Amino acid sequence: MRFKALALISSLAVVAACGSDNGPGGGTTLTTQETAALTAALTANGALGGEAAAFAPFALSQLHESGSFAGYDAVGVQVNYTVTAAGNTISGVLSSVVGWDGLNTSANTVDHILAASSFSTGGTFPSTVAGTFGSTGVVGSYYERSTASNYVATTGTFNVTSATFGSGTTNCNSSAGGITVTCSYTTGTMAGSLGFTANRLNGTGAATFNQSSQNFDLPAVRLTITISQ
C-alpha cells in the first residue's frame with residue numbers, strides 16, 4: 001500500500017503543480033519556469049528519501065522563493081499528508097530542508113542536491129525538530145549529477161528551532177486521471193541547523209560525502225494535502 005500510494009503522489013507534478021508568485025519575502029525569486037524545472041529535477045534522480053521524494057517537490061512548486069544554505073539555494077518544506085488508494089489510507093507529517101545548485105531550466109537538471117527530512121505519524125505540524133541521522137524517521141541525502149551518485153546520511157543532526165507561517169492559506173486543489181487533490185498552503189520561514197556524513201549508494205563519486213553542520217534560516221512552505229483515487 002505504501003509504495004502504491006507514493007507512486008500515486010509522484011504523478012502529481014503534472015496533475016497539480018499550481019503555485020503562485022507570493023513568497024515570504026527576503027529571498028531569491030524563482031520564476032515559474034525555474035520552479036517547474038526544479039520540481040522535475042528533484043523527482044527524476046532519487047535524490048530525496050522517503051515521503052520527501054513524493055511530497056517535497058510538489059510542496060516546493062507552490063513556493064517561488066529560495067534562500068541560501070552552505071552555498072546552495074535552499075528552502076524549507078513542511079507537509080501534512082493523507083493519501084487514500086485502493087481503500088487504504090496512509091498519513092503523516094514531514095519537515096524538510098532541500099538545497100540545490102546548478103539548475104538548468106532547459107534540461108530540467110541540477111548539479112547537486114542536499115536534503116534532510118524528519119517524518120512523524122502525528123497530524124500536527126511541528127514548530128521544532130530534533131533529529132539524528134541514522135535513527136528512525138530522519139533521512140539525509142546528497143546527489144551529484146556529474147557522477148550519477150546518491151548518498152545517504154549515516155551520522156549528523158537535523159534541527160529545526162523555529163517554523164513560523166502566516167495564518168492565510170491558498171488553495172491548490174486539482175483533479176485529473178481519477179486522482180483528486182485537496183490542498184492548501186501558506187508561506188513563512190524555517191530556521192535551525194543541519195550537518196551530516198553520508199555514504200555513497202550508487203554512481204562513481206567519492207565513497208563518502210561530508211556536510212559540516214551549519215545554521216539555516218530559509219523561506220518555507222507549509223502544505224496540507226489530501227489525495228484520493
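What you see below is based on every heavy atom in this structure, not just the backbone, and it leaves out hydrogens, waters and symmetry mates. Just so it is clear, the structure is predicted and the values come from calculations on it, not from any experiment. Positions are given from 1 along the sequence.
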Give a yes or no answer on whether the side chain of R200 reaches the backbone of N150 with a donor-acceptor pair at less than 3.5 Å. no
Using distance alone, with no hydrogens and no angle criterion, decide if S117 and S96 have a side-chain donor and acceptor under 3.5 Å apart. yes
Taking F119 as the fixed residue, which of V138, L94, V93, V79 is the one that meets the side-chain contact (heavy atoms from CB on, under 4.5 Å) rule? L94
Kindly give the heavy-atom pair with the smallest separation between W100 and L60, and that separation in Å. CZ3-CD1, 4.2 Å
Are any side-chain N or O atoms of N108 and backbone N or O atoms of N104, one a donor and one an acceptor, separated by less than 3.5 Å? no
Side chains of E65 and T29: any donor to acceptor distance under 3.5 Å? no
Could you measure the distance from the OG atom of S213 to the CG atom of N159? Nearest 0.5 Å is fine. 7.5 Å
Any side-chain heavy-atom pair of D101 and D111 under 4.5 Å: yes
Backbone N or O of Y81 within a donor-acceptor pair of the T224 side chain at under 3.5 Å? no
Note, E144 side chain near F209 side chain (heavy atom, < 4.5 Å): no
Hey, could you give me the OG1/CZ distance between T109 and R145, rounded to the nearest 0.5 Å? 4.0 Å
Rounded at 0.5 Å granularity, tell me how far CG in N199 sits from OG1 in T155. 8.5 Å
How far does CG of L48 sit from CD1 of I113, to the nearest 0.5 angstrom? 6.0 Å
Verify, without hydrogens or angle tests, whether T161 (side chain) and A191 (backbone) share a donor-acceptor contact under 3.5 angstrom. yes
Considering all heavy atoms of both residues, which atom of I225 and which atom of F58 are nearest to each other, and what is their separation? CD1-CE2, 3.3 Å
Before giving the answer on side-chain contact (heavy atoms from CB on, under 4.5 Å), spell out for L194 and F69 the whole-Å C-alpha distance, their side-chain angles and the decisive distance to 0.1 Å. CA-CA 9 Å; L194 162 62; F69 170 75; 3.7 Å; yes
Under a 4.5 Å cut-off applied to non-hydrogen side-chain atoms, are F55 and V83 in contact? yes
L42 to P57 - nearest heavy-atom pair and separation: CB-CG, 3.9 Å
With distance as the sole test, does T180 use its side chain to make a donor-acceptor pair with the main-chain N or O of S175 at under 3.5 Å? no
Please determine whether side-chain contact (heavy atoms from CB on, under 4.5 Å) holds for the pair N173 and V181, giving the CA-CA distance in whole Å, both sets of side-chain angles, and the decisive distance to 0.1 Å. CA-CA 5 Å; N173 301 336; V181 179; 6.0 Å; no
pair L63-T187: side-chain heavy atoms closer than 4.5 Å: yes
Could you state whether F165 and V98 fall into the same hydrophobic cluster, counting links through intermediate Ile, Leu, Val, Met, Phe, Trp or Tyr residues with side-chain heavy atoms under 4.5 angstrom apart? no
Nearest 0.5 Å, what's the CG-CD distance between L103 and Q33? 9.0 Å
Determine, step by step, whether T84 and T89 satisfy the side chain to side chain donor-acceptor pair (under 3.5 Å) criterion, reporting the C-alpha distance in whole Å, the side-chain angles of both residues, the deciding distance to 0.1 Å, and the verdict. CA-CA 4 Å; T84 301; T89 299; 2.9 Å; yes
Got a second to check how far S193's OG is from D217's CG, nearest 0.5 Å? 12.0 Å
Min side-chain heavy-atom separation S146-H112 under 4.5 Å: no
Just to verify, which of T39, T31, L38, T32 counts as forming a side-chain contact (heavy atoms from CB on, under 4.5 Å) with T35? T39
Looking only at heavy atoms, the pair that brings T124 and N80 closest together is N-ND2, 4.2 Å
For the side chain of S141 and the backbone of A47, is there at least one donor-acceptor N/O pair under 3.5 Å apart? yes
Co-membership, hydrophobic cluster, residues I227 and Y185, 4.5 Å side-chain: yes
For Y151, which of F196, Y142, Y143 qualifies under ring-ring contact (aromatic ring centres under 6.0 Å, His included)? Y142
Check: G166 main-chain N/O paired with T186 side-chain donor or acceptor under 3.5 Å: yes
Nearest heavy-atom contact between V221 and A59 is CG1-O, 3.5 Å
Given Q211 and Y72, is the side-chain contact (heavy atoms from CB on, under 4.5 Å) satisfied, shown in steps? CA-CA 12 Å; Q211 172 57 57; Y72 299 89; 4.0 Å; yes
I need the minimum non-hydrogen distance between L223 and F125, along with the two atoms involved. O-CZ, 3.4 Å
Donor-acceptor under 3.5 Å (Q62 side chain, C172 main chain): no
List the steps, then state whether side-chain contact (heavy atoms from CB on, under 4.5 Å) holds for V75 with V97. CA-CA 6 Å; V75 298; V97 166; over 6 Å; no
